[in-house]
Amino acid sequence: MKRKIVLLGLGFWGKNWMELIHTTDRAELVGVAGAPNELEEMKEKYNLSDDMLYTDFKDAIENSGAELAIVVIPGRLHFEADKLAMEKGMHVITEKPLAMDIEEAKKLLEIKAKHPGQKFMASQNYRWRPHNQAIKNAIASGMIGDVETVLVEFRKQEDLQGYRAGLEQPLLQDVCIHHFDLIRFFTGANCETIYARSYHPSWSIFEGRPGTDAIMEMENGIKVTYNGTWAARGNESSWDGNFTITGSKGALTLDANDDVYFYEFTKDEAVVMESGAEEGVLLQKPEMKYQEMAYGFNMMLDCIENDTVPETTLEDNFKSFAMVCAGLKSVETHQAEVCE
């Protein structure tokens with residue numbers, strides 16, 4: 001049975017979703033909302049009928065007859081779109097940001113609680129990349145023992161496309177959700193407190209502060225150190241960031257080439273002064289039928305068909321979003337804040 005989809009938003013990511021929906025045989029597009037020029041482009045490219053096109057996302061939710069809404073409109077409209085879609089009886093996939101602040105996110109939880117039969121999934125595409133699955137599998141197998149520390153370094157030059165140029169905290173407000181969610185994904189632990197600071201390098205073309213440092217206390221005593229800059233001048237990481245995850249048996253690393261290495265701990269018989277680059281074992285990445293957004297999309301379709309729960313539910317993603325909100329608050333208060 002093909003699921004009826006309404007796509008809300010035709011920006012960069014919206015167009016990627018459009019292509020994904022168009023290429024699957026598991027779903028049928030019944031409505032799309034966007035600006036007139038965007039709609040005209042999609043109408044011509046995908047041979048859409050006029051009755052599928054909406055310039056107002058609210059009209060698309062009300063009149064498309066869809067059972068699943070994919071929300072990719074600007075973040076300030078996510079709450080209203082998610083709310084209306086759930087009240088219309090739809091399942092929801094939403095792109096980041098989950099909401100504009102913690103209060104909106106808590107209201108979404110209240111609304112979702114009134115609609116327990118509907119699925120709500122946040123698209124956390126970083127989780128569904130082969131290298132990150134390799135890390136998760138290695139930790140689950142006990143390769144490094146129980147995780148105790150995580151070090152994350154993110155380095156990318158500025159990207160001022162769209163709304164990013166006007167953000168006061170570009171990294172915290174836009175990209176950190178991915179890194180913080182990966183921290184939860186890898187460790188299986190939620191954040192208890194976060195202490196963060198932000199800064200503006202003299203050379204940065206962002207108006208806001210694109211540098212963020214943070215120290216996090218996770219459940220089970222796991223300690224996280226985060227160092228990020230969206231104004232790097234050389235030595236860039238991947239968008240995932242460089243990870244070092246350490247347990248009693250060794251460490252796992254993720255580098256800018258998306259390669260995952262295992263470094264087994266072996267105790268030296270004596271203290272030596274010489275040092276050199278330790279050689280790690282390159283881990284195999286799992287074969288994945290679907291990756292990124294396609295993985296999440298097919299997961300959601302499976303959950304609807306089988307009445308199961310998606311991995312990144314609203315309730316789960318709220319815990320990652322709460323880390324971002326607590327980090328933003330910590331920057332203002334200059335003290336550690338509780339993630340709640």
Side-chain angles (χ1 to χ4, degrees), residues 96 124-157 171-172 174-196 210-232 234-265 277-286 288 291-292 295 311-312 316-317 319-321 323-324 327 339:
K96 68 174 180 69
Q124 285 294 342
N125 59 304
Y126 282 36
R127 288 191 183 203
W128 306 316
R129 293 171 171 170
H131 48 276
N132 291 330
Q133 291 289 316
I135 292 173
K136 181 69 173 178
N137 293 342
I139 293 171
S141 74
M143 184 176 287
I144 62 171
D146 293 335
V147 174
E148 291 195 17
T149 66
V150 180
L151 172 65
V152 189
E153 183 183 29
F154 174 76
R155 297 179 56 81
K156 278 288 185 186
Q157 63 181 295
L171 185 54
L172 260 173
D174 190 84
V175 183
C176 277
I177 182 63
H178 291 299
H179 305 143
F180 292 1
D181 187 71
L182 281 178
I183 291 166
R184 289 186 56 244
F185 177 59
F186 292 149
T187 63
N190 295 318
C191 184
E192 295 181 338
T193 63
I194 180 171
Y195 176 82
T212 299
D213 298 326
I215 298 172
M216 305 172 207
E217 298 275 348
M218 308 292 287
E219 294 171 335
N220 304 324
I222 298 171
K223 314 297 183 186
V224 178
T225 303
Y226 181 86
N227 174 251
T229 177
W230 208 352
N235 193 28
E236 292 192 24
S237 68
S238 72
W239 285 101
D240 300 63
N242 297 329
F243 274 76
T244 302
I245 305 168
T246 306
S248 58
K249 298 179 182 179
L252 294 166
T253 65
L254 173 66
D255 64 24
N257 295 319
D258 294 333
D259 286 330
V260 181
Y261 287 90
F262 168 55
Y263 295 85
E264 184 177 12
F265 172 69
E278 183 182 351
E279 288 192 18
V281 177
L282 179 65
L283 298 190
Q284 193 97 18
K285 300 173 189 176
M288 298 178 67
Q291 299 180 26
E292 304 267 354
Y295 186 103
E311 178 183 327
T312 51
D316 178 82
N317 196 243
K319 296 171 184 176
S320 297
F321 184 69
M323 294 170 70
V324 172
C339 299

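Everything numeric in this text was worked out from a predicted model, so none of it was measured.
- By the 4.0 Å N-to-carboxylate-O rule, D240 lies close enough to R129 to be salt-bridged with it.
- No donor-acceptor distance shorter than 3.5 angstrom exists from the side chain of W230 to the backbone of G211, with no hydrogens or angles considered.
- Closest non-hydrogen pair, L254 versus G241, comes out as CD2-O, 3.7 Å.
- The two atoms that bring G327 and A196 nearest to each other are O-CB, 3.7 Å, heavy atoms only.
- A distance of 4.5 Å separates CD1 in I222 from OG1 in T187, rounded to the nearest 0.5 Å.
- One distance of note links CD of Q291 with CG of N132; it measures 10.5 Å at 0.5 Å rounding.
- Here the straight-line distance linking atom CG of L151 with atom OG1 of T246 works out to 8.0 Å at 0.5 Å rounding.
- Ring geometry, H179 versus Y226: the interplanar angle falls from 30° to 60°, so the pair is classed tilted.
- Residues T193 and C339 have side chains not in contact (no heavy-atom distance under 4.5 Å, counting atoms from C-beta outward).
- By the 4.0 Å N-to-carboxylate-O rule, D259 lies close enough to K285 to be salt-bridged with it.
- The aromatic rings of F186 and F243 sit perpendicular to each other, their planes meeting at more than 60°, with 30° as the lower class boundary.
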- Task: Give the intermediate values and the outcome of salt bridge (charged side-chain N to carboxylate O under 4.0 Å, His left out) for residues E264 and K249.
- Result: CA-CA 6 Å; E264 184 177 12; K249 298 179 182 179; over 6 Å; no
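- The distance from the CG atom of N257 to the OG atom of S238 is 9.0 Å, given to the nearest 0.5 Å.
- In this structure a side-chain-to-backbone donor-acceptor pair under 3.5 Å is present from E219 to N190.
- For N242, the side chain to side chain contact (heavy atoms under 4.5 Å, CB included) partners are E153, S237, A256, not counting sequence neighbours.
- Under the 4.5 Å side-chain criterion, counting only non-hydrogen atoms from C-beta, Y261 is in contact with D255.
- For the pair K136 (side chain) and F185 (backbone), a donor-acceptor distance under 3.5 Å is present.
- With sequence neighbours excluded, the residues that form a side chain to side chain contact (heavy atoms under 4.5 Å, CB included) with F265 are K267.
- Using a cutoff of 4.0 Å between basic side-chain nitrogens and carboxylate oxygens, E236 and R155 are not scored as salt-bridged.
- Using a 4.5 Å heavy-atom cutoff, the side chains of Y126 and W239 are in contact.
- Salt bridge status for D181 with K319: absent, with no side-chain N to carboxylate O gap under 4.0 Å.
- When each of I135, V281, L252, N137 is paired with M143, the side chain to side chain contact (heavy atoms under 4.5 Å, CB included) condition holds for L252 and for no other.
- Two residues are said to be in side-chain contact when any heavy atoms from C-beta on lie closer than 4.5 Å; D146 and S248 fail this criterion.
- Environment of CG in D213: crowded, with over 12 heavy atoms of neighbouring residues, nucleotides or ligands closer than 6.0 Å.
- R127 and D316 are joined by a salt bridge, as a carboxylate oxygen and a charged side-chain nitrogen come within less than 4.0 angstrom of each other.
- Around CD of E278, the count of heavy atoms belonging to other residues, nucleotides or ligands within 6.0 Å exceeds 12.
- When all heavy atoms of N220 and A189 are compared, the pair lying nearest together is ND2-CB, 4.5 Å.
- By the 4.5 Å heavy-atom criterion applied to side chains, M216 and T225 are not counted as neighbours.
- Not counting sequence neighbours, H131 has no partner by the ring-ring contact (aromatic ring centres under 6.0 Å, His included) test.
- Interatomic distance, CG of L172 versus OG1 of T212, reported as 4.0 Å (0.5 Å rounding).
- I139 has its side chain within reach of I245: a pair of non-hydrogen atoms, C-beta onward, lies under 4.5 Å apart.
- Using a 4.5 Å heavy-atom cutoff, the side chains of L182 and Q124 are not in contact.
- Side-chain atoms of Y295 and M288, non-hydrogen and from C-beta on, do get closer than 4.5 Å to each other.
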